[in-house]
Colleague: 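Below is the structure I would like to discuss, written out as structure tokens.
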There are 4 protein chains.
Amino acid sequence: MPESTVGRPLRADAQRNRLKVLAAAERVLAKDGSAASMREIARQAGVGLATIYRQFPTKEALYEAVVVERVRRLLDHAHAAAHATDPGDAFFTFFTFAVTETTGEKALVDSLAVAGLDPKAGTAPMHRDLEKATGVLLRRAQAAGAVRAEVGMAEVLALITAMCLAADRQHWDEQLRTRSLTVVFDGLRPQLRP
Amino acid sequence: MPESTVGRPLRADAQRNRLKVLAAAERVLAKDGSAASMREIARQAGVGLATIYRQFPTKEALYEAVVVERVRRLLDHAHAAAHATDPGDAFFTFFTFAVTETTGEKALVDSLAVAGLDPKAGTAPMHRDLEKATGVLLRRAQAAGAVRAEVGMAEVLALITAMCLAADRQHWDEQLRTRSLTVVFDGLRPQLRP
Amino acid sequence: MPESTVGRPLRADAQRNRLKVLAAAERVLAKDGSAASMREIARQAGVGLATIYRQFPTKEALYEAVVVERVRRLLDHAHAAAHATDPGDAFFTFFTFAVTETTGEKALVDSLAVAGLDPKAGTAPMHRDLEKATGVLLRRAQAAGAVRAEVGMAEVLALITAMCLAADRQHWDEQLRTRSLTVVFDGLRPQLRP
Amino acid sequence: MPESTVGRPLRADAQRNRLKVLAAAERVLAKDGSAASMREIARQAGVGLATIYRQFPTKEALYEAVVVERVRRLLDHAHAAAHATDPGDAFFTFFTFAVTETTGEKALVDSLAVAGLDPKAGTAPMHRDLEKATGVLLRRAQAAGAVRAEVGMAEVLALITAMCLAADRQHWDEQLRTRSLTVVFDGLRPQLRP
DNA sequence: TATGAATGAGTATTCATTCAT
DNA sequence: GATGAATGAATACTCATTCAT
């Protein structure tokens, strides 16, 4: 029974085009945000308009696919960091990585900002994973005394999102990113007060 | 000498319309972001479409006027705070006020995020003012020992923007805002280390 | 409060355009049926595309407006006929008029054919009126002995629709229409059998 | 000498596919009319898109093949009826059969309605046959006194088409069909007038 | 040979902006 | 001075058809 397309691996050329489309979409979405036009994406991918629609039924579906791809990379990093020897280092390194990696990725940042707001979104499961992974890093860092005990997941995620959003929207350079993160990290660390 | 309209004060009804339009635009822009339509703004203002164009030559001009209006309010607060007795309190209160006041104001937050990037934007002078006012608050707080000396204007503005963006995009509730700001503020304060 | 557009009479130019659009739509819909394109209608009306949308929010709305216009004419005729002196004549003349008038009006004929099937359609009330008016003519003709008593509304409407559809789709000439209606009319009249 | 494919009988599996496609097309065309999509037909046939194009060069060709198939069945019935003992019965039964059989077959009905209009259509020969067969039934019924002598082929075909069109478009139920046909048949029968 | 991926022309609809009333 | 009607360019999306696999 032909035309089922479920679970079947993509044909070689289709896979090639899928990648070209995702790459172009990533570029265009990064530049124009969700105002990006499908025609422009097709043009940059060197592909017919309908070719996009064959693999991604709507603009939103494409948008989401781009984001999922990126989140997966963050997730990989978080998982890897979870087994690092120094839990404090692992936590702060991951925080920094998230901000660095997403900067310039409007679509990705938007997605992070939206996560948690709209749990029925198709990207939700991936975000849950990311949340869980971040939770692990946080708790281990707290257990090791590298992060204050009274800090909760909610504000950590909020702060990560905040830094990602601002770094992206304001095109923070490396120095500004470092200085801003330093402030936040100092706020997260245990403090000695007289 | 009719038709000159430059510098001339607006007729009473024109002024009334201008306010109605700005109010409607604020509402609509807050809800729909820059995807807002001029027709919808006109409808909500109870005014003809061309009436908007008489005062604001393009959609962007209107958009900007709305933002300028809002920034002026922040500025007022900053100026007032500049003379407060406790400089540390003045600084942190202003920071909090900025985040609280802009939450839910997509247009305003976007404008803050864009400021500094596009110095030729019409809003620039106002942002310079805001920057200057914030600078005064910061330096006074540092002089009073309420904020660390090595913190610079750049990262303070960056952090304010970051918190505004995230609070708006993620619809932070009061508790989350408080907890997140607490972390940042702790990072800004002088710390005792062994 | 501007932009309400409800109940207010159209501006002179708008009314002119409305008529041009309806006329063009009638022509195009008659030729291409509901496969007609809005662009073609705009072209034939000598009007911008969006001008159509100002008055008719969707293709279907325009389609319907064309039909309503035509049905109104049938209805006028039926009402006029209701007071004719010879009830038999009134009935058969109306039947003939309906077929003649609708021939070449794909949209109108389609609408008649759809009526009764989809009572929630916007055109429904008008069709109810037409049905009622036809009912009056039928009953008066039966009372006068010009139409068999055992004939019901259902089949009369069915036959009218049938003749309209065929006359339109097959481009019946006058002679064919007359000969076909003669057969149907003979079938409707009381008959003497040995 | 491969590639000639002219006149060569179809391979067994090709023949199987042809039937699957025709069946699916009949179903889809009946439901969606000429707005049916080739992709949907392929899907329902459980066949690749290009497989359809191998046997039917265009959508219209497939459309036509479906219709020819159906008309053939009508024709078979007409031929069979031509030898019935009661010519009147044969004629009226065939008329009824035509209406019953075509109801729900948008494509078929359309084809009947178009026949005679476009003699260069590929279906024309088949329609000529149908016309001829109907002519035989009519003349025999007239000779037997079951149908009025002054009725011509033209209006008989017109009436058949009319009833088919309306029955299909309005989804006549059995009762309505019977009552409507009764009127038409009474109009076709010889009548006694004082 | 059968498949389905790719294509470009086509569709309805929306929007910022201009101009006759 | 204010209105809203008109406009054309732009957008997401669909479809019949062709061609590489």
Side-chain angles (χ1 to χ4, degrees), chain A residues 2-5 8 10-18 21 35-42 46-60 62, chain B residues 2-3 5 10-11 13-14 17 35-43 47-60 62, chain C residues 2-5 8 10-18 21 35-42 46-60 62, chain D residues 2 5 11 13-14 17 35-43 47-60 62:
Chain A
E3 190 79 11
S4 110
T5 72
R8 193 135 41 90
L10 286 172
R11 235 169 62 178
D13 52 351
Q15 178 62 22
R16 236 188 338 272
N17 274 338
R18 185 188 170 87
V21 167
S37 102
M38 294 297 269
R39 198 171 231 71
E40 175 63 14
I41 294 175
V47 139
L49 233 180
T51 301
I52 300 184
Y53 282 94
R54 163 153 281 269
Q55 307 224 28
F56 308 98
T58 72
K59 191 191 183 178
E60 278 67 36
L62 171 57
Chain B
E3 284 303 312
T5 73
L10 288 170
R11 255 175 44 180
D13 54 348
N17 273 342
S37 99
M38 293 296 269
R39 188 158 236 106
E40 175 63 13
I41 294 175
R43 218 179 48 74
V47 139
L49 246 177
T51 303
I52 300 184
Y53 280 93
R54 168 153 292 269
Q55 309 227 23
F56 308 98
T58 79
K59 192 191 180 182
E60 276 68 36
L62 170 58
Chain C
E3 189 80 10
S4 108
T5 73
R8 193 135 42 91
L10 285 171
R11 235 170 63 181
D13 53 350
Q15 178 61 22
R16 233 186 343 268
N17 273 338
R18 186 188 168 85
V21 168
S37 103
M38 294 297 269
R39 196 168 231 83
E40 175 64 15
I41 294 176
V47 139
L49 235 181
T51 301
I52 300 184
Y53 281 94
R54 162 153 283 270
Q55 308 225 25
F56 308 98
T58 71
K59 192 191 182 178
E60 278 67 37
L62 172 57
Chain D
T5 72
R11 256 176 43 180
D13 53 349
N17 272 342
S37 99
M38 293 297 269
R39 191 159 232 104
E40 175 64 14
I41 294 175
R43 218 180 49 74
V47 140
L49 247 177
T51 304
I52 300 185
Y53 281 93
R54 168 155 293 269
Q55 307 227 23
F56 308 98
T58 81
K59 192 192 183 182
E60 276 67 36
L62 171 58

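Below, chain A is the first sequence line, B the second, and so on; all start at residue 1.
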Colleague: Using whole Å, what does the distance between atom P of nucleotide E:dG4 and atom CD of D:Glu40 come to?
Modeller: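 Result: 15 Å.
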
Colleague: Scan A:Ala35 against the nucleic acid and name what it touches under 4.0 Å (heavy atoms): base, sugar-phosphate only, or nothing.
Modeller: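 The answer is nothing, as A:Ala35 stays clear of every strand by at least 4.0 Å.
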
Colleague: Over how many whole Å does the gap from A:Gln15 atom CD to F:dT21 atom P extend?
Modeller: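 Taking atom P of F:dT21 as the reference, CD of A:Gln15 is at 15 Å.
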
Colleague: Whole angstrom is fine here: how far is it from CD1 in A:Ile52 over to P in E:dT7?
Modeller: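 Rounding to the nearest Å, CD1 of A:Ile52 and P of E:dT7 are 10 Å apart.
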
Colleague: Return the pairing partner of E:dA12 with a 3.5 Å limit on both distances, Watson-Crick or G-U wobble; otherwise return none.
Modeller: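 With both distances under 3.5 Å, E:dA12 matches F:dT11.
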
Colleague: Write down the distance between CZ (B:Arg39) and C1' (E:dT17), rounded to a whole number of angstrom.
Modeller: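 My rounded result for the distance is 11 Å.
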
Colleague: If you round to the nearest 0.5 Å, how far is CZ of C:Arg39 from CD1 of C:Ile52?
Modeller: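 Reported to 0.5 Å precision, the distance equals 10.0 Å.
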
Colleague: Tell me the interatomic distance from C:Tyr53, atom OH, to E:dT11, atom P, rounded to whole angstroms.
Modeller: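 Nearest whole value for this atom pair: 11 Å.
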
Colleague: Quick one: is E:dA5 close enough that its OP1 or OP2 comes under 4.0 Å of any side-chain N or O from A:Thr51?
Modeller: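 No, because none of the side-chain N or O atoms of A:Thr51 sits under 4.0 Å from OP1 or OP2 of E:dA5.
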
Colleague: Mapping C:Gly48 and D:Ala36 to their closest nucleotides on DNA chain F, which lands nearer the 5' end?
Modeller: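 It is C:Gly48 whose nearest nucleotide is closer to the 5' end.
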
Colleague: Grab the CZ-C1' distance between B:Arg43 and E:dC15 for me, whole Å please.
Modeller: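 One finds 16 Å between C1' of E:dC15 and CZ of B:Arg43, rounded.
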
Colleague: About how many Å separate CG of D:Leu49 and CZ of D:Arg43, when rounded to the nearest 0.5 Å?
Modeller: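 That separation rounds to 11.5 Å.
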
Colleague: Pairing check on E:dT21: which nucleotide meets the Watson-Crick or G-U wobble criteria with it, both distances under 3.5 Å?
Modeller: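 Looking at the geometry, E:dT21 pairs with F:dA2.
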
Colleague: So if I take every side-chain heavy atom of D:Leu49 and compare against F:dC13, F:dT17, E:dA12, which nucleotide ends up nearest?
Modeller: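 Within the option list, the nearest is F:dT17.
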
Colleague: Using 0.5 Å steps for rounding, measure from the OG1 atom of C:Thr51 to the CZ atom of C:Arg18.
Modeller: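 CZ of C:Arg18 is found 13.5 Å from OG1 of C:Thr51.
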
Colleague: Please pick, from F:dT7, E:dT21, E:dT7, the nucleotide with the shortest atom-to-atom distance to any side-chain atom of C:Ala50.
Modeller: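 Looking only at heavy atoms from C-beta outward on C:Ala50, the closest nucleotide is F:dT7.
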
Colleague: Starting at CD1 of B:Ile41 and ending at C1' of E:dC15, how long is that distance when rounded to a whole Å?
Modeller: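 For the pair B:Ile41 CD1 and E:dC15 C1', the rounded distance is 12 Å.
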
Colleague: Nearest-nucleotide wise, let me know which of A:Arg16 and A:Pro57 is further upstream toward the 5' end of DNA chain F.
Modeller: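 Its nearest nucleotide lies further toward 5', so the answer is A:Pro57.
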
Colleague: Which of these nucleotides, F:dG4, F:dA12, E:dT14, is closest to any side-chain atom of A:Met38?
Modeller: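 When the side chain of A:Met38 is considered, F:dA12 is the closest of F:dG4, F:dA12, E:dT14.
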
Colleague: Which part of the nucleic acid, if any, lies within reach of C:Ala42 when heavy atoms closer than 4.0 Å are counted: base, sugar-phosphate only, or nothing?
Modeller: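 Counting heavy atoms under 4.0 Å across all strands, no contact is made by C:Ala42.
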
Colleague: The side chain of B:Arg54 lies closest to which of these nucleotides: F:dG1, E:dT3, E:dA6?
Modeller: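 Among the listed nucleotides, the one closest to the side chain of B:Arg54 is F:dG1.
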
Colleague: Out of curiosity, C:Asn17 CG to C:Gln55 CD, how far, rounded to the nearest 0.5 Å?
Modeller: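 Here the rounded value is 7.5 Å.
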
Colleague: At under 4.0 Å, does any side-chain N or O of A:Asn17 touch on OP1 or OP2 of E:dA5?
Modeller: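 So the side-chain polar atoms of A:Asn17 never come under 4.0 Å of the phosphate oxygens OP1 or OP2 of E:dA5.
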
Colleague: Nearest to the B:Thr58 side chain among E:dT17, F:dG4, F:dA16, which nucleotide is it?
Modeller: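 From the listed options, E:dT17 comes nearest.
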
Colleague: Write down the atom of D:Tyr53, the atom of D:Thr58, and the distance for their closest heavy-atom approach.
Modeller: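 What the structure gives for the nearest pair is CE2-CA, 4.4 Å.
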
Colleague: Assuming nearest nucleotide by heavy-atom distance, tell me which of A:Val47 and B:Glu60 is located more 5' along DNA chain E.
Modeller: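 Mapping each residue to its closest nucleotide by heavy atoms, the 5'-most match is A:Val47.
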
Colleague: What integer distance in Å separates A:Asp13:CG from F:dT18:P?
Modeller: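 My rounded result for the distance is 19 Å.
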
Colleague: So which nucleotide from F:dT7, F:dC13, E:dA12 ends up closest to the side chain of A:Lys59?
Modeller: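 Within the option list, the nearest is F:dC13.
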
